[in-house]
Amino acid sequence: MLDFPRWKVTAIWLVLAVLASLSIPSFLPDRVTQGLGFTPPQINLGLDLAGGSYLLLEADTNGLAAARVEAMREQVQTEMRRQTPRIDIGEISSRNGQLSFLLRDPSQVDAARERLLQITGTGAGMTGQRQWDIQVVDTSRFVLTPTKAGLDQAIKTAMSDTVEVVRKRIDALGTREPTIIGQGTNRIVVQVPGLQDPQQLKALVGKTAKLEFKLVDINADPQALAKGEAPAGDQILPYPGNPGGIPLIAVKRQAIITGDMLSDARQEFAPETNAPQVAITFDSQGGRRFAQATKENVGRPFAIVIDNQVISAPNINEPILGGRASISGGFTVDSANQLAIALRSGKLAVDLKVVEESTVGPDLGADSIRAGILASAVAVALVVAFMLVTYGRFGFYANLAVVINVFVILGVLALIGGTLTLPGIAGFVLTIGTAVDANVLINERIREERHRGRGVVQAVELGYKEASRTIFEANVTHAISGIIMFLLGSGPVKGFAVVLLIGIATSVFTAVTFTRMLVAGWLRRNKPKTINI
């Protein structure tokens, strides 16, 4: 237990020195770290310390269900026409969360079912249930109903995709270390330290950014549009800037270009008017489709639709080649930039609404940091004084371990890119207070062995050996609590758990292994006949 060869002593000092040195960049001002030529590991401050914006977003799962039915409607129409033999369908409708259509030729029921089985998906997740229930009514009418398992799987996938889209949009703002995590089945927590404008954040992450290019139906009756009556195959969309006066327009339901065919979107200024606009670049597939569509529809207007609202409806004067286009519509520089970011990062898989928002000012965060530093300093001072008075030399070794442990915790937190929050500071202070628990157990056990008449070396060796078992068991139960908080908690609870778990690991190492090495070295050098403990 007290045998420490030179290589082991060197390794322990080296590990502690490296980890402690990793904490130094976190204390340096930004101008110093930026001048280093590389980005050193640093502790990130959470929302409650750095200030910033907080949003709790909730997904519209009802809207997702309706969107799935509409998407299936378009897919059914396409697949029935595309494959051979062609299957003609008559009336197709989506209502009450179901999709139904009629076959013109009842003898094609079996063929239609086979195609539906191909496009309605396999089992939902690990359940083995199909995503859609297919029924035949009155020998020739199909009714497709989404299953609960299929909808649950769609919500799970959509939420995962939405979290990534929100992350891309916020990263494009240039903010540092945002926290974007799912909460429950249909909520997302967004915390952006340093951003003091929640309205800007709401405008960016709340925009679905569903981009579509659709042909305008020039034959639609304006009076029918005003009544909400659309021709077959059309849909009526709001058009606030309609030069015709009616804030509505009829467009073809089928989109010729969608947002997933974009490769880039940037804010720029129109060369003629110098007004802000959004320049978009299509990928190879989108460029070909856009060129073909504009070639076939010269002289006709097409609508640029974002989130089911028409931004503009220019005429196609000539084929638009080259895979580039621009979107204009009374943008400001900020709104054009936000739209470009939203389009560039992709559309949200599900609509989001803000159910809770708050802003934390930097002054409050600075007060929290000062209070945390004061609490940590007081905790360290009291622990150091108690251990020094109670255990003398052995208390000094424990105090040295506590001080090193403080910097090691900060170094590990910086190494893993952790975020320090106000509850994290509480966990930090708690770790300091309990860091000497192991040394208290060890020192008291050494006292007991001395009272039993053991020699100095034997008492110290048995003290570390017998106390180590108790220390291990106590910290395992402590760590289990921290792991549960980390896995099941979110936000502040998780921040507390991270610091606590790091503190448990580092404090056990410094309080047991490090102090044992110091005591062993002192015993080997001085060979004392008695100890004052």
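Atom set for the values below is all heavy atoms of this structure, side chains included, hydrogens, waters and symmetry mates excluded. Keep in mind the model is a prediction, meaning the values are calculated, not measured.
Under the 4.5 Å side-chain criterion, counting only non-hydrogen atoms from C-beta, E356 is in contact with Y54. Under the 4.5 Å side-chain criterion, counting only non-hydrogen atoms from C-beta, H478 is in contact with L500. Side-chain contact between N308 and E212 is present, with at least one heavy-atom pair separated by less than 4.5 Å. Side-chain contact check for F496 versus L430: some heavy-atom pair is nearer than 4.5 Å. The side-chain heavy atoms of I502 and I416, taken from C-beta on, include a pair separated by under 4.5 Å. The side-chain heavy atoms of L144 and D133, taken from C-beta on, include no pair separated by under 4.5 Å. Side-chain atoms of D60 and K353, non-hydrogen and from C-beta on, never get closer than 4.5 Å to each other. Under the 4.5 Å side-chain criterion, counting only non-hydrogen atoms from C-beta, K214 is in contact with Q235.
Remark: the backbone N or O of T281 is paired with a side-chain donor or acceptor of S263 at under 3.5 angstrom. Between the side chain of D138 and the main chain of S140, no donor-acceptor pair closer than 3.5 Å is present. Judged by distance alone, the side chain of N96 and the main-chain N or O of Q98 form no donor-acceptor pair under 3.5 Å. Looking only at distances, no side-chain donor or acceptor of S335 sits under 3.5 Å from a matching main-chain atom of F331. Remark: the backbone N or O of M80 is paired with a side-chain donor or acceptor of R115 at under 3.5 angstrom. The backbone N or O of F142 lies less than 3.5 Å from no partner atom in the side chain of S100, so there is not a single donor-acceptor pair. Side-chain atoms of Q42 come within 3.5 Å of backbone N or O of P25 as a donor-acceptor pair. At distances below 3.5 Å, at least one donor-acceptor pair connects side-chain atoms of R289 with backbone N or O atoms of I256.
Nearest heavy-atom pair across T431 and G503 is CG2-CA, 3.3 Å. Across all their heavy atoms, G424 and V499 have their closest contact at O-CG1, 3.5 Å. Minimum interatomic distance between Q108 and R86 (heavy atoms only, all atoms of both residues): NE2-O, 3.3 Å. Contact between S94 and V69 at its shortest, heavy atoms only, is CB-CG1, 3.5 Å. L211 and I306 make their closest contact through CD1-CG1, 3.8 Å (heavy atoms, listed as atom of the first residue, atom of the second, distance). Closest of all the heavy-atom pairs between S26 and I43 is OG-N, 3.0 Å.
F269 CZ: more than 12 foreign heavy atoms inside a 6.0 Å radius.
With values rounded to the nearest 0.5 angstrom, I188 atom CD1 is found 9.5 Å from S160 atom OG. Taking CD1 of I304 as the start and CD1 of I257 as the end, the distance is 11.5 Å to the nearest 0.5 Å. In this structure, CD1 in I409 is found 4.0 Å from OG1 in T506, a value given to the nearest 0.5 Å. Residue Q131 holds its CD atom at 12.0 Å from CD1 of I119, rounded to the nearest 0.5 Å. Atom CD1 of I504 is separated from atom CD1 of I480 by 10.0 Å, given to the nearest 0.5 angstrom. For the atom pair CG (L116) and CD1 (I87), the distance works out to 8.0 Å, reported to the nearest 0.5 Å.
The ring-ring contact (aromatic ring centres under 6.0 Å, His included) check on Y239 picks up nothing, with sequence neighbours excluded. Applying the side-chain hydrogen bond (donor to acceptor under 3.5 Å, both in side chains) rule to Q309 yields no partners; only residues at least two apart in sequence or on another chain are considered.
Using a 3.5 Å distance cut-off with no hydrogens or angles, the side chains of D105 and S107 do pair a donor with an acceptor.
Here K148 pairs with D152 in a salt bridge; the nearest charged N to carboxylate O distance falls below 4.0 Å. Salt-bridge formation is not detected for the pair D234/R253: no Lys NZ or Arg NE/NH1/NH2 atom is positioned less than 4.0 Å from an Asp or Glu carboxylate oxygen.
Between F290 and F213, the ring-plane angle classifies as perpendicular under the 30° and 60° cut-offs.
Just one residue in the list E70, M72, Q75, R68 forms a side-chain contact (heavy atoms from CB on, under 4.5 Å) with L99, and that residue is M72.
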Give the C-alpha distance, both sets of side-chain angles, the deciding distance and a yes or no for side-chain contact (heavy atoms from CB on, under 4.5 Å) between T294 and N297.
CA-CA 5 Å; T294 54; N297 294 280; over 6 Å; no
Can you check side-chain contact (heavy atoms from CB on, under 4.5 Å) on L22 and L19, steps first, answer last?
CA-CA 5 Å; L22 291 175; L19 292 178; 4.3 Å; yes
Determine, stepwise, if the pair R187 / L56 fulfils side-chain contact (heavy atoms from CB on, under 4.5 Å).
CA-CA 7 Å; R187 289 189 170 187; L56 179 60; 3.5 Å; yes
Verify side-chain contact (heavy atoms from CB on, under 4.5 Å) between M159 and V350, making sure each step is shown before the conclusion.
CA-CA 7 Å; M159 290 301 296; V350 61; 4.3 Å; yes
